[in-house]
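To start, the structure itself, in structure tokens.
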There are 2 protein chains.
Amino acid sequence: MVRAAMDLADESGIESVTMRELGRRLGVEAASLYNHVAGKDDLLDGMVDLVVAEIDLPSSDVDWKEAMRRRAVSAREVFTRHRWGAGLIDSRGRSGPSSLSYADRVLGTLLEAGFSPGIAANAFLALDSYIYGFERQRSSISPADDEDSTEVAQEVLDAIPQDAFPSLACVAMEYATKPYDDAAAFDFGLDLILDGLQRLL
Amino acid sequence: MVRAAMDLADESGIESVTMRELGRRLGVEAASLYNHVAGKDDLLDGMVDLVVAEIDLPSSDVDWKEAMRRRAVSAREVFTRHRWGAGLIDSRGRSGPSSLSYADRVLGTLLEAGFSPGIAANAFLALDSYIYGFERQRSSISPADDEDSTEVAQEVLDAIPQDAFPSLACVAMEYATKPYDDAAAFDFGLDLILDGLQRLL
DNA sequence: ACCTGAACACCGTTCAAGT
DNA sequence: ACCTGAACACCGTTCAAGT
């Protein structure tokens with residue numbers, strides 16, 4: 001039933017995940033759901049846990065930097081599949097079983113690479129802040145999948161008083177010709193952080 | 001009345017900002033609020049705009065790096081005053097007047113520093129992803145203001161099966177002795193990004 | 001111009017009652 | 001063990017009616 005809630009969120013957005021709507025989907029009364037779940041909070045925690053479980057754990061076959069990069073890319077893919085994921089994880093805790101083993105494996109990889117416990121914790125926080133933060137910005141900024149990013153840039157350009165916001169207009173102009181590459185933008189910031197961490201070793 | 005909604009959110013959390021509760025505060029019926037605001041969405045957009053307006057715009061008296069640092073620190077302070085801020089901005093757009101001039105000034109500072117429009121856009125996105133992301137993690141992870149961070153670490157340590165999560169236990173052990181410094185953790189990642197950007201110039 | 005009262009279509013949750 | 005129906009205390013929003 002947590003699965004059904006995830007499907008519903010994927011299709012119609014997290015705001016449509018309602019005990020009543022979920023019951024409707026499962027051909028059952030909303031009240032009946034309480035036989036399988038303690039309440040809506042419990043349901044959402046279950047969804048968070050399943051989403052986090054979809055993120056690839058850092059592999060031990062490659063060096064720490066490559067392992068961190070792959071995990072970051074995997075997280076981005078998961079949040080593309082489940083666009084409500086990053087937001088839900090942010091707004092609820094990270095204390096489920098999947099989150100714990102995720103944190104343990106990431107920290108383990110960093111410790112093995114030679115980072116001190118304190119630096120490893122800071123590095124973990126910096127990386128995840130960026131990964132989740134990027135996703136949140138994306139879901140509120142980037143064009144829908146079927147839209148042309150250059151068209152969106154053009155619309156922005158038209159909507160903005162260009163003399164009042166010259167720099168914004170300048171950047172929008174740039175994207176009105178070259179299409180916006182989401183993955184490249186993600187890699188840009190990710191590499192800044194990873195390269196910086198490497199220099200600390 | 002947007003102001004009153006902000007005070008209410010500061011005191012009791014964003015989830016308690018309700019048309020009915022807000023009306024109660026203002027000594028008025030919930031329905032009356034619709035004479036001053038188009039709907040709840042409109043109200044929330046207004047709150048976003050006022051929060052963004054509280055973030056210091058990058059100063060032109062200092063170099064780009066210091067200007068970006070100050071803006072980041074200012075944002076962190078604002079989100080400490082309004083703990084619902086980062087989440088609300090993430091979940092709604094960034095298209096209000098304050099957000100536009102904020103974006104314009106940040107991009108302008110980066111362009112003046114010599115970054116190309118494309119790099120400036122990526123740098124802006126990387127910095128803001130980190131700033132907002134850090135804040136979201138913090139609000140779900142860090143101890144309440146009155147709690148001792150070492151105590152929290154100790155509790156985590158007790159709650160975790162240490163043999164199953166050795167790396168997590170190792171890091172928690174670290175924070176059971178040295179207290180967690182929120183500002184230092186923020187600066188750590190911020191400097192990684194800023195130093196990396198400087199190297200690109 | 002602004003407010004109120006009542007209504008509508010929704011929520012999450014509980015609980016006695018059924019099978 | 002699981003489900004249903006009805007109820008409760010909430011939501012956002014609309015609208016005729018009042019001042």
Side-chain angles (χ1 to χ4, degrees), chain A residues 1-52 82-96 136 139-140, chain B residues 1-52 82-96 136 139-140:
Chain A
M1 117 168 217
V2 180
R3 214 92 238 179
M6 290 179 68
D7 292 344
L8 177 56
D10 286 344
E11 288 172 36
S12 329
I14 189 67
E15 77 282 355
S16 69
V17 175
T18 260
M19 298 303 271
R20 290 173 138 94
E21 176 61 29
L22 191 53
R24 220 167 287 146
R25 289 261 180 148
L26 297 170
V28 110
E29 225 57 31
S32 306
L33 300 177
Y34 290 81
N35 285 310
H36 303 94
V37 107
K40 194 177 183 184
D41 278 346
D42 198 35
L43 174 68
L44 295 177
D45 284 341
M47 293 172 71
V48 165
D49 203 61
L50 285 186
V51 171
V52 173
H82 309 297
R83 282 204 287 274
W84 42 272
L88 194 62
I89 295 174
D90 278 342
S91 70
R92 334 211 81 245
R94 287 172 173 73
S95 48
R136 302 305 312 280
S139 59
S140 71
Chain B
M1 116 167 216
V2 181
R3 215 89 240 181
M6 291 179 69
D7 292 343
L8 176 56
D10 287 343
E11 289 170 37
S12 330
I14 188 69
E15 77 282 356
S16 70
V17 175
T18 261
M19 298 304 270
R20 289 173 140 94
E21 177 61 30
L22 190 53
R24 219 166 288 145
R25 287 262 181 148
L26 297 170
V28 111
E29 224 57 31
S32 307
L33 300 176
Y34 289 82
N35 285 311
H36 303 94
V37 108
K40 192 176 182 182
D41 278 346
D42 197 34
L43 174 68
L44 295 177
D45 284 341
M47 292 172 71
V48 164
D49 204 60
L50 284 185
V51 171
V52 174
H82 308 296
R83 283 205 285 273
W84 43 271
L88 193 63
I89 295 174
D90 278 341
S91 69
R92 336 211 81 245
R94 286 171 174 72
S95 47
R136 303 304 312 280
S139 59
S140 71

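Sequence lines set the chain letters: A, B, ... in the order given, protein chains first and strands last, and positions in each chain run from 1.
Between the CE atom in A:Met19 and the NZ atom in A:Lys40 there is a gap of 8.0 Å [rounded to 0.5 Å]. Atoms CG and CG, on A:Leu22 and A:Leu43 in that order, are 6.0 Å from each other to the nearest 0.5 Å. With rounding to the nearest 0.5 angstrom, the CZ atom of B:Arg92 is 4.5 Å from the CG atom of B:Leu44. The line from CG of A:Leu8 to CG of A:Leu26 is 9.0 Å long, rounded to the nearest 0.5 Å. To the nearest 0.5 angstrom, A:Met47 atom CE is 12.5 Å from A:Asp42 atom CG. With rounding to the nearest 0.5 Å, the separation of CD1 in A:Ile14 from OG in A:Ser91 is 8.0 Å.
Counting heavy atoms from C-beta on, the side chains of A:Val2 and A:Asp49 never come closer than 4.5 Å. With a 4.5 Å cut-off on side-chain heavy atoms, A:Glu15 and A:Trp84 do not count as touching.
Sorted by first then second residue, the side-chain hydrogen bond (donor to acceptor under 3.5 Å, both in side chains) pairs that include residues 17-30 of chain B, not counting sequence neighbours, are B:Glu11-B:Arg25, B:Glu21-B:Arg24.
Think of the region where chain A sits on DNA chain C: with heavy atoms and a 4.0 Å cut, that region ends 5' and 3' at C:dC11 to C:dC15.
Every residue meeting the side chain to side chain contact (heavy atoms under 4.5 Å, CB included) condition with B:Val52, not counting sequence neighbours, appears here in chain and number order: B:Val48, B:Ile89, B:Ser98, B:Ser99, B:Tyr102.
Across all non-hydrogen atoms, the minimal contact from A:Ala9 to A:Val17 is CB-CG2, 3.7 Å.
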| task | Starting at the 5' end of DNA chain C, write a dot or bracket for each base, bracketing those in Watson-Crick or G-U wobble pairs whose two distances are under 3.5 Å and using | for partners on another strand. | result | ||.|||||...|||||.||
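Against DNA chain C, the stretch residues 3-24 of chain B makes heavy-atom approaches under 4.0 Å through B:Arg20. Only A:Ala31, A:Tyr34, A:Gly39, A:Lys40, listed by number, bring a heavy atom of residues 28-43 of chain A to less than 4.0 angstrom from any atom of DNA chain C.
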